[in-house]
2 protein chains.
Amino acid sequence: MKEIKNRQLVQSYLQAHQLESIFNDDIMPYLSLYHFEQGELILSQGEPSKYLYVLVQGKIKIYTTSAQGKTLILSFKTPIEVIGDIEYVQEIDTINTVEAVSSVYMIGVQHTLLKKLTNDYSPFLQFMLTIITEKFYLKNNSMSFNLMHPVEVRLASYLLSVIHDENESILSGQLSTSSLADTANLIGTSYRHLNRVIRQFCSDGLVERKKGFILIKDREALTTLSGGNIYE
Amino acid sequence: MKEIKNRQLVQSYLQAHQLESIFNDDIMPYLSLYHFEQGELILSQGEPSKYLYVLVQGKIKIYTTSAQGKTLILSFKTPIEVIGDIEYVQEIDTINTVEAVSSVYMIGVQHTLLKKLTNDYSPFLQFMLTIITEKFYLKNNSMSFNLMHPVEVRLASYLLSVIHDENESILSGQLSTSSLADTANLIGTSYRHLNRVIRQFCSDGLVERKKGFILIKDREALTTLSGGNIYE
DNA sequence: TCTTCGATAGGACATATGTCCTCGATTCTA
DNA sequence: TAGAATCGAGGACATATGTCCTATCGAAGA
């Protein structure tokens, strides 16, 4: 973690994401910009939490580790996203581990200052409410989805949402294979089983396995299979 | 649903749960008290939502139904609890079905009024934040728990938490058998499999099956098995 | 170039869990 | 009270998923 001391930059990030209105003038001077390198841990499960972060650039990965050492990826996030909100409101230790997937920039504020300076500032409270309820809703969705559907359906759904995401640009239907282990965790299954299902998809002509990535061949069929449910 | 027109009663419920401070005087006149009979539906998944409710007496059950008609119980709730909060903030249709498990009393307010009259009232916003983050935290916990542990562990954990709950009083280690089907849904498995696991527990001497209920015999062992994780 | 190592896919097997169905006990009804 | 309707428990089987291990391949190094 490295603090970027550039008030100008903080401002421009706030502007870019239309966040100026949610912070009042009192707190502004205390907003800092931090940079995390790819792979760096931003928060560690179980540690005391002191900062509330707003993800303004890059991609992060959130996961939890059970007492038995099993790890479960909860989600990937891209801007704009608030991190450490639950901990801030509940005043508890860090719940999940957060890791930078790419080079990441976050705006951070100390809990104590934030509480002192904005606890009665409605726009901020409303913003927090909106963000958190949205999170809640999405999380809930994907979790029950996991619980109620076989891996097949989850994978189909996952593929579709990844395609949406990254493919807007160029790739048009490819999934990097390097992240397969992560993918397995994310949809709540083992790497082995994921492979099994991919194989199945291949022989059904839904996707094709290329060197290093997976190619979507039949988007229609995937959509049908996913039953309209999409991880979002 | 029956409205109880008794301003006095509303007040005493608010008082009992220390909720007076979160509502301002403007909104007070619009708080209504509603009664639901056992088994009655309070909210139905997919319908437009117009009210925000606060559960002040009784017990409710929250569940979701997938497109394929599968149902998954998300939780049981007792006072004090807010219902319809996500829908209120996000302005979306009802997410989950809510059903009265016992005779239930709830305080309800119309979204439109609430938004108009308290949207800038910090105590209310703070209250909502606290409630929602707490919900989020608990839900998250139990969901990842489900995903990461076999039914065996979940059942042990569930038994313990139920015992805590209801047994404080008299029963001291019994679980009514009537709700087994619900229990199965709650811990995310089938009735059949639940039975299988109970049977296993019996032969291991952890519990005993009596006519109509299940008797906890070895709390120690259950605690060990649950690995310290408890549904809360 | 040959060897070694790490990574990935897939085989074999064990387990966990779901579905369907039957059996016996209980309750309800005429 | 007999028969019908229910309900809960458990058997048999099918499927989904996990674990462990091995074969293969390409990259890195001697």
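Numbered from 1 within each chain, the chains take letters A, B, ... in sequence-line order. Note that the coordinates shown come from a computational prediction; the quantities given were computed from them, not determined experimentally.
- Under the side chain to side chain donor-acceptor pair (under 3.5 Å) test applied with B:Thr133, the options A:Gln90, A:Lys135, A:Glu87 reduce to a single match, A:Gln90.
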Between the protein and nucleotides 21-27 of chain C, are there any N/O to N/O pairs under 3.5 Å, and if so, what are the atom names and distances?
{"residue": "C:dT26", "atom": "OP1", "partner": "B:Lys211", "partner atom": "NZ", "Å": "3.1"}

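- Taking CG from B:Asn140 and CG from A:Asn96, the interatomic distance works out to 6.5 Å, rounded to the nearest 0.5 Å.
- Annotation: the span from A:Asn6 atom CG to A:Ser32 atom OG amounts to 12.0 Å, rounded to 0.5 Å.
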Where protein sits on nucleotides 10-19 of chain D, one letter per nucleotide: B base, S sugar-phosphate only, - none, heavy atoms under 4.0 Å
BBB----BBB
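- More than 12 heavy atoms of other shown residues, nucleotides or ligands fall within 6.0 angstrom of atom CD in A:Glu3.
- Surrounding OH of A:Tyr137 are at most 12 heavy atoms belonging to other residues, nucleotides or ligands under 6.0 Å away.
- At least one test fails for B:Lys2 against the ring of B:Tyr34: distance under 6.0 Å to the centre or angle within 45° of the axis.
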Could you pull out every donor-acceptor pair under 3.5 Å between side chains of residues 41-55 of chain B and any protein atom, sequence neighbours left out?
{"residue": "B:Gln45", "atom": "OE1", "partner": "B:Thr65", "partner atom": "N", "Å": "2.8"}
{"residue": "B:Gln45", "atom": "NE2", "partner": "B:Thr65", "partner atom": "O", "Å": "3.0"}
{"residue": "B:Ser49", "atom": "OG", "partner": "B:Ile92", "partner atom": "O", "Å": "2.9"}

